[in-house]
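Values below: every heavy atom of this structure, side chains too, minus hydrogens, waters and symmetry copies. Just so it is clear, the model here is predicted, and its values are computed rather than measured. Residue numbers begin at 1 in each chain, while the letters A, B, ... track the order of the sequences.
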Protein chains: 2
Amino acid sequence: MRENKYLTIYNDLLLKIRQGILKANEKLPSENELVQQYQTSRETIRKALNLLSEHGYIQKIKGKGSIVLDVSKYDFPVSGLVSFKELAQKMKKPSKTIVCELDLVKPDEYLKKHLHVTNKDEVWKVIRAREIEGEKIILDKDFFNKKFVPSLTREICEDSIYEYIENELKLKISFAKKEIFVDKATDEDDQYLDLEGYNHIVVVKNFVYLDDASLFQYTESRHRLDKFRFVDFARRSHQ
Amino acid sequence: MRENKYLTIYNDLLLKIRQGILKANEKLPSENELVQQYQTSRETIRKALNLLSEHGYIQKIKGKGSIVLDVSKYDFPVSGLVSFKELAQKMKKPSKTIVCELDLVKPDEYLKKHLHVTNKDEVWKVIRAREIEGEKIILDKDFFNKKFVPSLTREICEDSIYEYIENELKLKISFAKKEIFVDKATDEDDQYLDLEGYNHIVVVKNFVYLDDASLFQYTESRHRLDKFRFVDFARRSHQ
DNA sequence: AAGTGGTCTAGACCACACG
DNA sequence: GTGTGGTCTAGACCACTTC
């Protein structure tokens, strides 16, 4: 057994919720009962329950107990953030990635500021169009510091760069900042996408940080207005 | 002293980061050192550090230590989600709220489904336009179950309903689900907002749940395209 | 080998909900 | 009062980084 005990318990409880063994709107066993069931300490049970809570599967109420939330009514996965692209993949809609540009470039002023690189650094610039159900509706512009990603090929780009980075290069992505706003469509958008007359674009900027807190990727994802969708599930913080 | 020990430590460390006593890109004292400094147990220190980490102020690295992240480079507050409206308030831009409608209505099919109410329930329907720097750019449509919010006045609506609910009614909001997408502007949008020719609208749907996991508010916030902005800071989850 | 953060334990006391 | 979840403690062992 190599998995954490609290993650094992988390996954076990999650399975029971998904299978309906633990029913929505009903109470979970108390923490002390779970201590007995899983033969562990209370803090470990609490770690598992807090994870379930943070991910929106249960609600803990002081003095009463923990309630299983109704997961089925979410039309999207509950935890985290979901883009149209991810949804299309989940729905198994036919999709395709077209690599428009793949270059090693000198950073311009904007990139120098946002990627924290200097004139001496080189930066991978990747532009890809995402075609879903026959329409090119998303334009992804990615920029990586060459220091972190030495080589990159068209094949990797057609697949998932993200998987390549995590699985092959073993770089660990730890957190990201997102900005969403609407912008006028550029000539580049028009060139690579099927804009269908829409002259505005939803822009999702993404700043990705590694485990050691260094910024290594800047991404701009440009979505046609009518095909943009974003879901967030937020637990209110302390205070 | 009534505040939690770990929250006290969290706030103290946060203050030191903000004041530059703990500098960006430098290491925090180790957990064992903090145990000494604050005369507490390691788990308590870890609770405080985990909060700082979740809120994006530090980065913990196994075997090495915790690094203070550079907060100053975020043009928006780091933790959680920030809308244009909140930003305008932070920037102290002149803003005004116009209550367009305030009614007790029977729920239609859509509301019955999303607010989990029946024909017997009554629902508060509040429509407000938000004017910022002289332009009406956001239309907020709120729906509350009358069961939770018995009375509501124009004055409360012109102020913050949210504050009224938390401070006066003592209802505790625990989590919310957001959906963002772009829709065609309706006649209602046109009637209440200064659309300036934009015929699309960014829609932010908000489902708000109380402490006991009951859904009590459904909100739709409709933003003029050019004035929409949304920031998210997401830590990657386990797994 | 020494120091770091990550996990886990077995207790303790508290605040809250409910009958 | 009993049971619940929330906080806190003082230890322990582990995996990882650095020397």
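Side-chain contact of Ser53(B) with His55(B): a donor-acceptor pair under 3.5 Å is absent, judged by distance alone.
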**OP:** Using a 4.0 Å cut-off on protein heavy atoms (strictly under), produce a 5'-to-3' string for nucleotides 9-15 of chain D with B for base contact, S for backbone-only sugar-phosphate contact, and - for none.
**Re:** BB-B---

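Residues passing the side chain to side chain contact (heavy atoms under 4.5 Å, CB included) test with Val203(A), sequence neighbours excluded: Phe181(A), Asp183(A), Ile201(A), Lys205(A), Glu220(A), Arg222(A). Remark: Lys16(A) pairs with Asp12(A), Ile21(A), Leu22(A), Tyr38(A) by the side chain to side chain contact (heavy atoms under 4.5 Å, CB included) rule, at least two apart or across chains.
The interatomic distance linking Leu7(A) (CG) with dT7(C) (C1') rounds to 10 Å, in whole Å. Rounded to whole Å, atom C1' of dG3(D) lies 15 Å from atom CD of Gln36(A). Note: CG (Asn4(B)) to C1' (dT7(D)) measures 7 Å, nearest angstrom. One can place CG of Asn50(A) at 16 Å from P of dG6(C), the figure rounded to the nearest angstrom. One can place CD1 of Ile45(A) at 15 Å from C1' of dT4(D), the figure rounded to the nearest angstrom. Here the C1' atom of nucleotide dT4(C) and the CD atom of Gln59(B) are 15 Å apart, to the nearest Å. Between the CD1 atom of Ile61(A) and the C1' atom of dG3(D) there is a distance of 15 Å, given to the nearest Å. Between the CG atom of Leu49(B) and the C1' atom of dG5(C) there is a distance of 10 Å, given to the nearest Å.
For dT7(C), one of the phosphate oxygens OP1 or OP2 lies less than 4.0 angstrom from a side-chain nitrogen or oxygen of Tyr6(A). The side chain of Lys64(B) places no N or O atom within less than 4.0 Å of a non-bridging phosphate oxygen (OP1 or OP2) of dC16(D). Here Arg46(A) does not reach the OP1 or OP2 of dG5(D): none of its side-chain N or O atoms lies under 4.0 Å away. Remark: Lys47(B) is in phosphate contact with dT7(D), judged by side-chain N or O atoms under 4.0 Å from OP1 or OP2.
Around the NZ atom of Lys27(A), the shell of radius 6.0 Å holds no more than 12 heavy atoms that belong to other residues, nucleotides or ligands.
The residue from Leu34(B), Thr40(B), Asn4(B) that alone fulfils the side chain to side chain contact (heavy atoms under 4.5 Å, CB included) condition with Ile9(B) is Thr40(B).
Contact check on Lys146(B) versus Asp121(B) returns no salt bridge, with no Lys/Arg side-chain nitrogen under 4.0 Å from an Asp/Glu carboxylate oxygen.
Counting heavy atoms from C-beta on, the side chains of Thr97(B) and Cys157(B) never come closer than 4.5 Å.
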